[in-house]
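One structure below.
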Amino acid sequence: MHLNRRTLFASAILAVLISPASRAASFLPFDSVRFDEARKSGKPVVLQVTATWCGPCQRLRKVVGGLLENPGFKDLVIFDADFDANKDALVKLNAHMVTTLVIYRDDAEILRSSGETRPDAVEALLRKAM
């Protein structure tokens, strides 16, 4: 069978679309415009505020990343905001601390947690977003 670039490209796209991993939620890099659009979409949105230099933040990212493998969280839209790179936007959202999760539903903040990295507690927070 002769494979050309078009066939290979179409096969790769199909594989991504039907793979179980593609149905899982994932981190989106924070962008103010995309974040505002997502909040207005009606989907549950989570803002995760972390910093590369922060040990607890890295634990939080790992815990949330692991939880996102659960199909029950596939509808979450999670924005990962670097504290240092997005300071101005985060100030406008009153997100002044690292290791923070802010949960929005219907464009309104419904829950905020700072400093929590225990897997069971983070899972409970994410479930409240659904």
Side-chain angles (χ1 to χ4, degrees):
M1 179 170 138
H2 179 68
L3 296 176
N4 61 30
R5 287 184 190 166
R6 183 177 291 162
T7 305
L8 288 173
F9 181 73
S11 297
I13 295 296
L14 182 61
V16 168
L17 291 175
I18 64 173
S19 73
S22 70
R23 290 188 295 264
S26 62
F27 298 130
L28 297 173
F30 181 80
D31 172 89
S32 294
V33 173
R34 287 177 56 201
F35 179 70
D36 289 341
E37 289 171 354
R39 286 186 6 214
K40 293 174 184 170
S41 73
K43 289 187 174 185
V45 175
V46 178
L47 174 63
Q48 176 177 259
V49 182
T50 62
T52 56
W53 48 263
C54 171
C57 296
Q58 301 316 309
R59 280 194 301 277
L60 178 63
R61 289 186 95 246
K62 185 175 180 180
V63 168
V64 172
L67 290 170
L68 293 182
E69 294 177 10
N70 180 335
F73 294 120
K74 69 178 173 55
D75 292 330
L76 281 180
V77 178
I78 300 185
F79 285 89
D80 188 33
D82 180 271
F83 183 76
D84 297 313
N86 299 288
K87 278 192 180 196
D88 292 339
L90 293 174
V91 165
K92 291 177 185 175
L93 296 168
N94 294 318
H96 302 285
M97 298 175 62
V98 294
T99 320
T100 297
L101 291 174
V102 185
I103 298 171
Y104 297 87
R105 192 178 311 133
D106 298 324
D107 200 24
E109 180 180 330
I110 62 164
L111 185 64
R112 181 180 293 238
S113 171
S114 292
E116 185 60 74
T117 61
R118 292 175 298 138
D120 57 332
V122 173
E123 181 177 7
L125 289 167
L126 293 181
R127 291 209 181 279
K128 290 179 182 178
M130 303 304 294

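Bear in mind that the values here come from a model prediction, so they are computed numbers and not experimental data. Because only heavy atoms are used, hydrogens play no part in the values below, and waters and symmetry mates are left out as well, while side chains stay in.
When every heavy atom of Phe30 is checked against every heavy atom of Phe79, the shortest pair comes out as CA-CD2, 4.0 Å. Heavy-atom minimum distance, Ser41 versus Ala38: OG-O, 2.6 Å.
Distance check: Ile78 CD1 to Arg61 CZ gives 10.5 Å after rounding to the nearest 0.5 Å.
Within the structure, no pair that satisfies the ring pair (Phe, Tyr, Trp, His ring centres under 6.0 Å) test touches residues 107-130, not counting sequence neighbours. The list of salt bridge (Lys or Arg N to Asp or Glu O under 4.0 Å) pairs with a residue in residues 97-108, not counting sequence neighbours, reads Arg39-Asp107.
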Anything under 3.5 Å between a donor and an acceptor, one on a side chain of residues 42-54, the other on a protein residue two or more places apart or in another chain? List them.
residue : atom : partner : partner atom : Å
Gln48   : NE2  : Asp80   : OD1          : 3.0
Thr50   : OG1  : Asp80   : OD1          : 3.3
Trp53   : NE1  : Asp84   : OD2          : 2.6

Under 3.5 Å, sequence neighbours excluded: what are the donor-acceptor pairs made by side chains of residues 86-98?
residue : atom : partner : partner atom : Å
Asn86   : ND2  : Asp82   : O            : 3.0

I'd like a table of donor-acceptor pairs (distance under 3.5 Å, sequence neighbours excluded) in which one partner is a side-chain atom from residues 118-130, with atom names and distances.
residue : atom : partner : partner atom : Å
Arg118  : NE   : Glu116  : OE2          : 2.9
Arg118  : NH2  : Glu116  : OE1          : 3.0
Glu123  : OE2  : Arg127  : NE           : 3.4
Glu123  : OE2  : Arg127  : NH2          : 2.9

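Applying the side chain to side chain donor-acceptor pair (under 3.5 Å) criterion to Glu37, with sequence neighbours excluded, gives no partner residue. Checked against side chain to side chain contact (heavy atoms under 4.5 Å, CB included), Glu109 has the following partners two or more places apart in sequence or in another chain: Val102, Tyr104, Arg112. Partners of Arg34 by salt bridge (charged side-chain N to carboxylate O under 4.0 Å, His left out), not counting sequence neighbours: none found. By the side chain to side chain donor-acceptor pair (under 3.5 Å) test, Ser114 is found to be paired with Thr100, residues two or more places apart in sequence or in another chain being considered.
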